[in-house]
Participant: 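What follows is a single structure, and I will ask about it in a moment.
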Amino acid sequence: MINMRTLYIADQQYPAIKREFILKVDGARPILYSLDYINTQIYYLEPIEGFVLSLLDGRRSLSELSDLFKRLFPRCELLLLELLRGVDTRVRMSPSQTGLGKDGLVDVSDRPLADAQAFDPREFIIDPADFAARKSSPKSSLRLDTPINIYTVFTHRCLTDCVYCYADRCKMTEMSLARWREIIREMRSLGIWLASPDNGDTFARRDGIDLLECLLENEMHFLLSTKAYVSRDYVERLVDSGFTKKVRGVIQRQVQLSVDAVDDDVSRRILNIKRSNVGRNLETVENFLAFGIMPKVKSVITGLNYDQPEKIVDRFYERGARVFHFVRYGRSFHRHTDDLFVNDAAAASLKAQFDKIRSLYDDISVVENLAQVQPNPGKPDPDVARTIWDGRIGCGGGWSALGISPNGKAFLCEQMKMAEPFFVGDASYQSIEEIWHGAQLKAFTNPEPEEFVGTACESCPEFETCMWEKGRCYRDAYFSYGTVFHPPPLCPSNYRPGLRLS
């Protein structure tokens, strides 16, 4: 639920930007974003908004800041507090999935905040002409000059072979630990805080623990997600490297253990393994808990394991787990059978299970999207389709995020086929900056109408806004029609049926 409480700061109170937010200048405009690897919300600010926020250092009271603002901007009709409230309200109106922003942007104290982040306001003086040019260009208005999230795919290998896997886990040569260390150090030098070591299981590499230690040494924020057995020695190494030390002093890294069944036969079938790993999963939970780390137990629920949620909670609750997350299977483009979809009968069973779980356990956190009524997977009527299309969240690949595959090939979507022509660079010898500003990446993110010959995109009046600002889902287009140069199934102007996703 959105918290719409209005920001209030008394004259003698001290405001500061919360440390879970990054404020910086990116390409002739100030931006603000939350350190959230799940749903990173980026706010594109007006120059005066960025400058005002840069003044908040936790050491000057609102009264002092207001006097300074009036001297600097004598003709501005807005008060400093009004400008702060405007940005703070935008943050509260779009809280991320992990809750960052739900309580606003600003910390307020009756005393100076010694540990507040401080900025150099001179860096936030932006030429109005440069800002106007950047804002008016469809190709650059939303694209960042530096990515803020790097998908650090150390390996495509896993210790399981899940029937629902969404990644194209093709075999490829893996870059050395030494090269990954260079890349991670470059990430730190570019001010990148977010990493996503997924698409394979990091612990499938013998040096996987060393790679994670390198992320920690460079203060990266990431989710540790695994199906592997993690020994107590490995957990201790992670803790010694800083895993439990809060990022920027405020954000705790999380562990996610993927567990899809506790019945051995179901587990073997879902994971496509010969020996059940349920016992090892239980031990892994205990190993993390021994160091005060509460792992989240996450399950992908399909038509094959829909009877497992209650059993999973019962079994792992006994070992100390208190956080559970269950998600409905969505189509995997690389391996799929319709048996994996959750049908109506399974949905009824799931609702009963979650009702029982919530009645039995009042000290756990359960997040799930299985007990709710699911939308019709078919194409909605035109008015609904337009509303969904206009409200879609733009793809971050190439705009704010970049992926690096195990062999160094750069990509933009972790669910796309890992092959040419979908690579946009090569980090085995190129820097992140070279890839990000390279012609190969820009050609992919900024296609021209003539590449869409014979489709609705070719002559669409909304082409520039759609492609260069919002971004279309080329993944869905490719897996539905065999080409990225086609409108995706949900486009209101596309009348060709596409793949059912859930």
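Just so you know, these numbers use all the heavy atoms, side chains as well, and skip hydrogens, waters and symmetry mates.
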Participant: Under the salt bridge (Lys or Arg N to Asp or Glu O under 4.0 Å) rule, collect the residues that match up with Asp476, sequence neighbours excluded.
Facilitator: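 Checked Asp476 against salt bridge (Lys or Arg N to Asp or Glu O under 4.0 Å); zero matches.
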Participant: Provide the full list of ring pair (Phe, Tyr, Trp, His ring centres under 6.0 Å) pairs with a residue in residues 289-318, sequence neighbours left out, each pair given once.
Facilitator: Tyr317-Tyr361
Participant: Please check: side-chain N/O of Arg472 versus main-chain N/O of His486, any donor-acceptor pairing under 3.5 Å?
Facilitator: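 It does not hold such a pair.
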Participant: Please test Arg269 against Asp265 for salt bridge (Lys or Arg N to Asp or Glu O under 4.0 Å), starting from the C-alpha separation and ending with a verdict.
Facilitator: CA-CA 6 Å; Arg269 184 181 180 189; Asp265 57 336; over 6 Å; no
Participant: Going through the distances and angles, do Asp198 and Ser196 end up as a side chain to side chain donor-acceptor pair (under 3.5 Å)?
Facilitator: CA-CA 6 Å; Asp198 51 15; Ser196 299; 4.9 Å; no
Participant: Please enumerate all residues that pass side chain to side chain contact (heavy atoms under 4.5 Å, CB included) together with Leu177, with sequence neighbours excluded.
Facilitator: Arg181, Asp207, Asp210, Leu211
Participant: Which residue pairs pass the side-chain hydrogen bond (donor to acceptor under 3.5 Å, both in side chains) test when at least one of the two sits in residues 393-408, sequence neighbours left out?
Facilitator: Ser405-Asn407
Participant: Would Tyr229 and Leu159 satisfy side-chain contact (heavy atoms from CB on, under 4.5 Å), going step by step from the backbone distance to the final call?
Facilitator: CA-CA 9 Å; Tyr229 168 72; Leu159 302 175; over 6 Å; no
Participant: Nearest 0.5 Å, please: how far is CG in Asp201 from OG in Ser225?
Facilitator: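 Answer rounded to 0.5 Å: 7.5 Å.
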Participant: Would you call the rings of Phe485 and Phe452 parallel, tilted or perpendicular if under 30° counts as parallel and over 60° as perpendicular?
Facilitator: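 Geometry flag for Phe452 against Phe485: perpendicular rings.
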Participant: With sequence neighbours excluded, tell me which residues meet side chain to side chain contact (heavy atoms under 4.5 Å, CB included) with Ser299.
Facilitator: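 Counting only residues at least two positions away or on another chain, Ser299 forms a side chain to side chain contact (heavy atoms under 4.5 Å, CB included) with Asp260, Ile301, Ile312, Phe326.
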Participant: Please give me the minimum heavy-atom distance between Arg157 and Ala204, naming the atom from each residue.
Facilitator: NH1-O, 3.1 Å
Participant: Side chain to side chain donor-acceptor pair (under 3.5 Å) between Tyr33 and Asn149: does it pass, once the steps are laid out?
Facilitator: CA-CA 11 Å; Tyr33 68 91; Asn149 190 352; over 6 Å; no
Participant: Do the numbers put Arg143 on top of the ring of Trp436, so that NZ or CZ is under 6.0 Å from the six-membered ring centre and no more than 45° off the axis?
Facilitator: yes
Participant: Taking only residues at least two apart or on different chains, which pairs with a member in residues 412-424 satisfy side-chain hydrogen bond (donor to acceptor under 3.5 Å, both in side chains)?
Facilitator: Gln415-Arg475
Participant: Ring centres under 6.0 Å, that's the criterion: do Tyr329 and Phe341 meet it?
Facilitator: yes
